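Quantities reported herein were computed from a predicted structural model and do not represent experimental measurements.
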Amino acid sequence: MNKLQDWPEPIVRVQSLSDSGIPLIPERYVKPILQRPTVNSTASNDVNIPVIDLARLYGDDHALRATILDQISIACREWGFFQVINHGVSPQLMDRAREVWRQFFHSPMEVKQAYANTPKTYEGYGSRLGVEKGAILDWSDYYFLHYLPLPLKDYNKWPAITADCRAVLDEYGKQLVELCGKLMKVLSINLGLGEEKLQNAFGGENIGACLRVNFYPKCPQPDLTLGLSSHSDPGGMTLLLPDSHVPGLQVRKDGNWITVKPVPHAFIVNIGDQIQVLSNATCKSVEHRVMVNSSEERLSLAFFYNPRSDIPIEPLKELVAPDRPPLYPAMTFDEYRLFIRMKGPCGKSQVESLKSPR
């Protein structure tokens, strides 16, 4: 990681560009024509990612539980995305966490700059991914912090803009780690494995968890840029708390971009590259991107649940057979995510490039 000490160019805060009232976005944010959000998109009112009610997942009704398991299995295989309701995380905590972060992004610049990040860890307040000089940038700012493993958890790098800020973020992380653990058991069962198998492949209790808060300011030319370029998540599983009123997330499905319609107090769950690798591509890690708009800002909280960084991740032997050989070589998460830190979001080019020739 010693190549990643600093950014290749001076950092420009996108929120400052937006607040300045510029009528045109700088060239650095203009996407190539085929990557712009108006191309090959669908906003059909009758299409949405699956919405799954977890309320009866642990009840006594085995038929209902089997139905929920099946719904999640289909979503993982066909979509790579689904929304969960009645998931056990406090709605009041969700609202408060979102409000704390909105307060941070609307704090004075000197307050935010005290938390400015570097490419070495990404932890803190940032405005770009990747260290490629001259890269086309996304129309967003963000804040990144670690929850697990505990040696990486540094409260001094967490914002303290309100008296309860760090306590809220701590409790939010604890409840999401618990929810991810439940979903990992479901995915493991659906793969025909013991319920702890997938979690153990991640490192048991010694896993990684981090939060990226995305802030998408108003944009004078939203048809020319993206808040976050197309990518699949490099980690294990993501729980996204979207903006409750402003859609923007798009998921690639059958060659079309589907605009996700958030359900109030639901989490959007998506499969990351590490679970695609472990499942030998049974579970799909799917491309997604984020649109911006000219009239409203957006804020979302993406919680990443990842394998321990130094464990080799490869297809589980139970999911490999003579007629279904392993599709991916072993690679640690540390090795894998270095690609993202160097290049930024690049569709599914990383995981696809690893596939063994058939």
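- When the side chains of ILVMFWY residues are joined at heavy-atom separations under 4.5 Å, either directly or via intervening members, Leu179 and Tyr58 end up in a single hydrophobic cluster.
- Using modelled atom types, one finds no donor on one side chain facing an acceptor on the other under 3.5 Å when comparing Gln175 with His87.
- Put simply, the side chain of Lys31 never gets that close to the backbone of Pro37: no donor and acceptor are under 3.5 Å apart.
- When atom types are taken as modelled, the side chain of Glu314 and the backbone of Leu278 share no donor-acceptor pair closer than 3.5 angstrom.
- If you check the side chains of Glu287 and Ser230, you find a donor sitting under 3.5 Å from an acceptor.
- Inspection of the Tyr142 and Asn117 side chains reveals an N or O donor paired with an N or O acceptor under 3.5 Å.
- No side-chain donor from either of Thr332 and Asp310 sits under 3.5 Å from a side-chain acceptor of the other.
- Aromatic ring orientation, Phe267 versus Tyr172: tilted (interplanar angle from 30° to 60°).
- Judged purely by atom type and a 3.5 angstrom limit, Glu123 uses its side chain to pair as donor or acceptor with the backbone of His146.
- At a cut-off of 3.5 Å, with distance as the only test, a side-chain donor of Lys153 or Tyr155 sits close to an acceptor on the other residue.
- Using modelled atom types and a 3.5 Å distance limit, the side chains of Asp243 and Ser300 yield no donor-acceptor pair.
- Checking side-chain atoms of Ser279 against main-chain N and O of Gln276 turns up a donor-acceptor pair under 3.5 Å.
- A salt bridge links Lys185 to Glu196: at least one charged side-chain nitrogen sits closer than 4.0 Å to a carboxylate oxygen.
- Judged by distance alone, with hydrogens and angles left aside, the side-chain atoms of His231 form a donor-acceptor pair with the main-chain N or O of Ser229 at under 3.5 Å.
- Listed for the Ser107 side chain is no donor-acceptor partner under 3.5 Å among the backbone atoms of Val111.
- Remark: the backbone N or O of Gly130 is paired with a side-chain donor or acceptor of Arg128 at under 3.5 angstrom.
- The neighbour count for Glu178 CD, taken as heavy atoms of other residues, nucleotides or ligands under 6.0 Å away, does not exceed 12.
- Checked options Leu299, Val290, Ile268; the residue passing with Pro242 is Ile268 (criterion: side-chain contact (heavy atoms from CB on, under 4.5 Å)).
- Remark: side-chain polar atoms of Arg298 are paired, donor with acceptor, to backbone N or O of Val246 under 3.5 angstrom.
- Side-chain contact annotation: Gln113 with Arg13, donor-acceptor N/O pair under 3.5 Å present.
- Between Trp139 and Cys219 the shortest heavy-atom distance is NE1-CB, 3.4 Å.
- Distance check: Leu249 CG to Arg289 CZ gives 10.5 Å after rounding to the nearest 0.5 Å.
- Counting non-hydrogen atoms of other residues, nucleotides and ligands closer than 6.0 Å to CD of Glu99 gives a total above 12.
- The neighbour count for Arg56 CZ, taken as heavy atoms of other residues, nucleotides or ligands under 6.0 Å away, does not exceed 12.
- Donor-acceptor pairing under 3.5 Å is recorded for the side chains of Ser285 and Asp273.
- Residues Thr118 and Asp6 have side chains that never bring a donor and an acceptor to within less than 3.5 angstrom of each other.
- Judged purely by atom type and a 3.5 angstrom limit, Asp233 has no side-chain atom pairing as donor or acceptor with the backbone of Gly235.
- A donor atom on one side chain and an acceptor atom on the other are found under 3.5 Å apart for Thr162 and Asp164.
- A donor and an acceptor atom, one from each side chain of Gln83 and Lys261, are nowhere located under 3.5 Å apart.
- Tracing side-chain contacts under 4.5 Å through hydrophobic residues (I, L, V, M, F, W, Y), one never reaches Val213 starting from Phe304; they form parts of separate clusters.
- In summary, the aromatic rings of Phe215 and Phe105 are positioned with their centroids under 6.0 Å apart.
- No donor-acceptor contact under 3.5 angstrom links the side chains of Ser188 and Glu195, judged on distance only.
- When only modelled atom types and interatomic distance are considered, Tyr29 and Gln221 share no side-chain donor-acceptor pair under 3.5 Å.
- Residues Arg337 and Gln274 fail the side-chain proximity criterion, which asks for heavy atoms closer than 4.5 Å.
- A side-chain contact (heavy atoms from CB on, under 4.5 Å) with Arg65 holds for exactly one of Val186, Leu57, Asp70, Asp60; it is Leu57.
- No donor-acceptor distance shorter than 3.5 angstrom exists from the side chain of Trp101 to the backbone of Arg96, with no hydrogens or angles considered.
- When the shell of 6.0 Å around CD of Glu27 is examined, it contains 12 or fewer heavy atoms from other residues, nucleotides or ligands.
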